[in-house]
Amino acid sequence: MTWPKSNTTYMTDTTYTTYKAKVAAYDVGAIKIDPPVVLAPMADVTNGAFRRICKAIGRPGLLCTEQISTQAVHYKSERTYQMFDWTAAERPLSVQLFGADPQIMAEAARIVVDRGADIVDINMGCWVPKVCKQGAGAALLKDEETAVRVVDAVVQSVSVPITVKMRAGWDCSRLTSVSLARKFEQSGVAGFALHARTAKQGFDGQADWRWIREIKEAVSVPVAGNGDVRCPEDAERMLSETGCDGIMIGRAAIGNPWILAETAYYLRTGDRLPSATLARLVR
């Protein structure tokens with residue numbers, strides 16, 4: 001595989017980019033996540049430009065693409081193929097796929113791995129109607145049989161690690177993430193990320209980190225916690241309260257990629273980095 005090259009050079013403050021994290025790294029299959037801070041996949045946000053800015057400024061241990069429709073990959077959508085714009089500088093990189101057809105999901109996984117994906121992530125967290133109406137995203141949390149078939153097909157289709165990003169369940173009466181995680185681990189899934197809300201909540205209310213602890217205690221593979229980490233102290237508290245292996249940061253990084261480096265630095269040292277100055281921001 002030959003990676004596309006980027007001609008972009010970023011000016012960054014070495015304060016943010018030269019530390020070596022002492023907080024425990026974790027492994028997803030053969031991929032080391034160091035520091036254990038992950039940029040979450042976000043639709044219409046984590047495109048190539050944003051990922052490369054976050055990598056240059058925040059130095060997270062893992063970047064995730066925005067979600068990619070496997071139906072669109074199958075039908076060779078030109079717009080979707082333009083999303084395959086990752087570069088070697090972004091590695092390690094997780095490519096997130098959504099869909100509900102096991103064969104088409106497996107086909108898309110092979111395609112993105114051929115394009116250089118280090119990890120393939122299966123989306124079981126997106127709650128928006130246009131995704132769930134397809135039986136994809138968080139809708140799979142209420143269709144366990146299809147969810148397991150999707151995971152089995154993807155795991156068997158490629159040699160790279162497979163992860164699943166989930167919500168705790170469809171709603172509070174159907175908290176299926178723990179039972180599904182156990183099944184997915186048996187299928188060969190190498191790690192999980194849990195957004196500690198239900199699909200019905202969307203982004204409303206407060207994330208319940210107890211659900212992260214429950215899934216962490218249920219499986220032996222790494223679990224990244226996601227939801228309401230808005231500052232480094234939140235990340236430290238999530239690690240302490242849940243025992244999770246990594247911190248996944250999403251909306252808090254929009255407009256503020258520095259939070260990724262600030263979080264890793266704080267977890268390593270217990271100290272806060274100086275606030276980003278205007279001079280640092282515009283360099």
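The model shown is predicted, which means the values in this text are computed figures rather than measured ones.
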* Asked: Would you say the side chains of S94 and D121 form a donor-acceptor pair under 3.5 Å?
  -> no
* To do: Answer yes when R213 and E241 have at least one side-chain N-carboxylate O distance shorter than 4.0 Å, and no when they do not.
  => no
* **Expected output: side-chain R167 to main-chain G202 donor-acceptor under 3.5 Å** => yes
* To do: Give the minimum heavy-atom separation between V221 and D245, together with the two atoms involved.
  => O-OD2, 4.3 Å
* To the nearest 0.5 angstrom, please state how far the CD atom of Q156 sits from the CD1 atom of I162. => 11.0 Å
* Asked: For F203, is the NZ or CZ atom of R197 found under 6.0 angstrom from the centre of its six-membered ring and inside 45 degrees of the ring axis?
  -> no
* Asked: Side-chain contact, heavy-atom cut-off 4.5 Å: E144 with S179?
  -> yes
* Asked: Are I249 and I119 connected in a single hydrophobic cluster, I mean Ile/Leu/Val/Met/Phe/Trp/Tyr linked by side-chain heavy atoms less than 4.5 Å apart?
  -> no
* Asked: Counting only N and O atoms by type, is there a donor-acceptor contact under 3.5 Å from the side chain of T163 to the main-chain atoms of F192?
  -> no
* Give a yes or no on whether a salt bridge exists between K55 and E90, defined as a side-chain N under 4.0 angstrom from a carboxylate O. => no
* When rounded to the nearest 0.5 angstrom, what is the spacing between OG in S187 and CZ in R182? -> 14.5 Å
* Return yes if some donor-acceptor pair links the side-chain N/O of D118 with the main-chain N/O of L93 below 3.5 Å, else return no. => yes
* Check whether any side-chain N or O of T176 sits under 3.5 Å from a backbone N or O of L141 as a donor-acceptor pair, and report yes or no. => yes
* Asked: Within the side chain of N226, is there an N or O that forms a donor-acceptor pair under 3.5 Å with the backbone of A193?
  -> no
* **Smallest separation among heavy atoms of A24 and P36, with atom names** => O-CG, 3.3 Å
* Asked: Does the side chain of E66 reach to within under 4.5 Å of the side chain of M42, using non-hydrogen atoms?
  -> no
* To do: Check for a donor-acceptor pair, side chain of Q96 on one end and backbone N or O of P41 on the other, with a separation under 3.5 Å.
  => no
* Structure fact -> CH2 of W170 to SG of C132, rounded to nearest 0.5 Å, is 4.0 Å
* Asked: Looking at side-chain heavy atoms only, is the closest gap between E107 and V73 below 4.5 Å?
  -> no
* Asked: Below 4.5 Å, heavy atoms only, C-beta onward: do F184 and M124 meet side chain to side chain?
  -> yes
* Asked: When clusters are formed by joining ILVMFWY residues with side-chain heavy atoms under 4.5 Å apart, either directly or through shared neighbours, do V151 and I68 land in the same one?
  -> yes
* **Value rounded to 0.5 Å, distance of CG in L97 from OG in S69** => 9.0 Å
* **From CA spacing to verdict: side-chain hydrogen bond (donor to acceptor under 3.5 Å, both in side chains), S220, E185** => CA-CA 8 Å; S220 60; E185 184 179 15; 2.3 Å; yes
* Measure the CZ-CG distance between R59 and D34 for me, rounded to the nearest 0.5 Å. => 12.5 Å
* Salt-bridge criterion met for D171 and R174 (N-O under 4.0 Å) -> yes
* Asked: Do D208 side-chain atoms and A196 backbone N/O form a donor-acceptor pair below 3.5 Å?
  -> no
* Asked: Within the distance-only criterion (no hydrogens, no angle test), does the side chain of E236 pair as donor or acceptor with the backbone N or O of P232 below 3.5 angstrom?
  -> no
* To do: With T65 as reference, evaluate V95, D85, L39, N47 under the side-chain contact (heavy atoms from CB on, under 4.5 Å) test and give the passing residue.
  => V95
* To do: Using a strict cut-off of less than 4.0 Å between a Lys/Arg side-chain nitrogen and an Asp/Glu carboxylate oxygen, indicate whether E233 and R272 qualify as a salt bridge.
  => yes
* Asked: Do L62 and M248 sit in the same hydrophobic cluster, where Ile, Leu, Val, Met, Phe, Trp and Tyr count as joined when their side-chain heavy atoms come under 4.5 Å apart?
  -> yes
* Is there a donor-acceptor pair under 3.5 Å between the side chain of S240 and the backbone N or O of R237? -> no
* Does atom CG of D271 have more than 12 heavy-atom neighbours from other groups under 6.0 Å away? -> yes
* Asked: Under the 3.5 angstrom rule, does the side chain of T80 hit a backbone N or O of K76 as a donor-acceptor pair?
  -> no
